[in-house]
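Everything below concerns the one structure shown next.
Any value given below was found using the heavy atoms of this structure, including those in side chains, with hydrogens, waters and symmetry copies removed. Per chain, numbering begins at 1; letters A, B, ... match sequence-line order.
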2 protein chains.
Amino acid sequence: MQWRELGDQPCSFSRTLAVIGDRWSLMILRDCFMKVRRFDEFHDRLGIGRPILTDRLKKLVDNFVLTKVAYQQHPIRHEYRLTQKGLDLYPVVMAIVHWGDVHMADRKGRPLLHHHLTCGHDFDPVLACSECRAEVGPREVTIRPGPGARNAVHLPPAAAPAAPRRRRVKAA
Amino acid sequence: MQWRELGDQPCSFSRTLAVIGDRWSLMILRDCFMKVRRFDEFHDRLGIGRPILTDRLKKLVDNFVLTKVAYQQHPIRHEYRLTQKGLDLYPVVMAIVHWGDVHMADRKGRPLLHHHLTCGHDFDPVLACSECRAEVGPREVTIRPGPGARNAVHLPPAAAPAAPRRRRVKAA
DNA sequence: CACGACAGTTGTGAAATAGAACCCTGGCCG
DNA sequence: CGGCCAGGGTTCTATTTCACAACTGTCGTG
């Protein structure tokens, strides 16, 4: 399977990866949330090759995650800003950062602290249920096909009992 | 910058990407959360080349995201299971899925629904503050260096006022 | 009018990938 | 007891993508 086929799957995860699922797109987005906006600034901070940066920025703009805004005429210069669609990636970025904080920090601790202006505390991002606000873990969730399901390929065995695990151990 | 250098940066985001930041690792993880465990099952569902699958599974095992468990002797066969470190990636996966649900679903709607067993409702994952439980958006958060910071490279201009944006428009 | 800032484009060689084919272990089947 | 099958890989090659360096072009300024 190639990159471009990913976006055609009936799976929100694949479709998202088709847009932001490569190393540089995600690094660019991280910087976007840190108020980085200009080509050279991305280039300097990321240590990325210019052609790749051009390509990724273009893809993100084409997918409406970023938008190009002129910040001056003479010569015309643009900066890249997050759209609402891009801003909505904040939970993804925060979840990734938090996992790194917990599992990949060195002895000295996490490189950054996040401060919640609304409540005034340093905080960790938590995955919560939109209905009951409790923290949600993988064990407390089941999935079933939604209106956009096209087939059962992406459902787990538990939700698709028609395809039981055929193990060839002793029985069967 | 190459892949392997990513993990050395003083940035939780980069370090996380060094472990899970490629297309196939993330797709494998998605399937892990859907109870997929075996080599051939990953292979069939993902449409991935066997050599790449071998490589990615090995990397995930080396990074303690997955662990290899024998499920039978004679011949010995293993399955891949999420470790706690791997299970902790649930918020990342859910955040990605949710973004896809909101922004990449086709007319028919989202392919999967998530049901929270604890409260009994279908739900959306929400990024909440660990301290006040309110939903958190990018505008309500500031960041500052933590104990593991090595330099200011990864801080935004707002948090590193020593490096003001030098724009060369009219003034300056 | 040379120089520097910004924002790219064009090359070229090095690395990663896709896809098919092959290998190994050990049951099971006739 | 020879062949076949399943599971889980490894080897091989052609293609794609990437990294890195150099070059282009527009202005504005000294």
Can you tell me how far [atom2] of [N] sits from [atom1] of [X], to the nearest Å?
| X | N | atom1 | atom2 | value |
| --- | --- | --- | --- | --- |
| B:Gln72 | C:dG27 | CD | C1' | 9 Å |
| B:Lys68 | D:dG8 | NZ | P | 9 Å |
| A:Tyr71 | C:dA5 | OH | P | 13 Å |
| A:Phe39 | D:dT24 | CZ | C1' | 13 Å |
| B:Ile48 | D:dT10 | CD1 | P | 13 Å |
| B:Glu41 | D:dG7 | CD | P | 10 Å |
| B:Asp22 | D:dC18 | CG | P | 12 Å |
| A:Gln73 | D:dC27 | CD | C1' | 13 Å |

**Prompt:** Touch check for A:Phe42, heavy atoms < 4.0 angstrom, all strands: base, sugar-phosphate only, or nothing?
**Reply:**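 Answer is nothing: A:Phe42 stays at 4.0 Å or more from every strand.
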**Item:** Sugar-phosphate only, base, or nothing, as touched by B:His43 at under 4.0 Å among non-hydrogen atoms
**Value:**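 If one applies the 4.0 Å heavy-atom cut-off, B:His43 turns out to touch nothing in the nucleic acid.
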**Request:** For B:His78, check ring pair (Phe, Tyr, Trp, His ring centres under 6.0 Å) against everything at least two apart and list the hits.
**Result:**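 Once residues adjacent in sequence are excluded, B:His78 has no partner under the ring pair (Phe, Tyr, Trp, His ring centres under 6.0 Å) criterion.
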Nearest to the side chain of [X], which nucleotide is it out of [options]?
| X | options | result |
| --- | --- | --- |
| B:His74 | C:dG26, C:dC6, D:dT26 | C:dG26 |
| A:Arg23 | C:dA7, D:dG28, D:dA19 | D:dA19 |
| A:Asp40 | C:dA7, D:dG7, D:dG9 | C:dA7 |

Show me the donor-acceptor pairs, under 3.5 Å and distance only, between side chains in residues 131-138 of chain B and residues at least two apart or in other chains.
unit_1   : atom_1 : unit_2   : atom_2 : d
B:Arg133 : NH1    : A:Arg133 : O      : 3.4

**Request:** Assign the ring pair A:Phe39 / A:His43 to parallel, tilted or perpendicular, where the plane angle (0 to 90°) is split at 30° and 60°.
**Result:**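 Ring orientation of A:Phe39 relative to A:His43: parallel.
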**Request:** Decide, yes or no, whether a salt bridge links B:Arg110 with B:Asp124 under the criterion of side-chain N to carboxylate O below 4.0 Å.
**Result:**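 Salt bridge: yes.
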**Prompt:** With distance as the sole criterion, is a donor-acceptor pair present between the side chains of B:His114 and B:Asp122 under 3.5 Å?
**Reply:**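 Checked: B:His114/B:Asp122 side chains show no N/O donor-acceptor pair below 3.5 Å.
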**Asked** Should B:Tyr80 be listed as having a side-chain N or O under 4.0 Å from OP1 or OP2 of D:dG9?
**Response**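 Yes.
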**Message:** On the nucleotide D:dC18, are OP1 or OP2 found under 4.0 Å from the side-chain N or O atoms that A:Trp24 carries?
**Reply:**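 For D:dC18, neither OP1 nor OP2 has a side-chain N or O of A:Trp24 closer than 4.0 Å.
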**Message:** Restricting to non-hydrogen atoms, name the atom on B:Gly109 and the atom on A:Pro147 that form the minimum distance, rounded to 0.1 Å.
**Reply:**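 The answer is CA-CG, 4.1 Å.
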**Item:** Hphob cluster co-occupancy, A:Val36 + B:Phe13, side-chain heavy atoms under 4.5 angstrom
**Value:**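 Yes, same cluster.
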**Prompt:** Toward the 5' end of DNA chain D, which comes first, A:Ile76 or B:Pro75, by nearest nucleotide?
**Reply:**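 That would be B:Pro75.
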**Message:** Please give me every residue in residues 50-61 of chain B whose heavy atoms get under 4.0 Å of an atom in DNA chain D, ordered by residue number.
**Reply:**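 When residues 50-61 of chain B is checked for heavy atoms under 4.0 Å from DNA chain D, the hits, listed by number, are B:Arg50, B:Pro51, B:Thr54.
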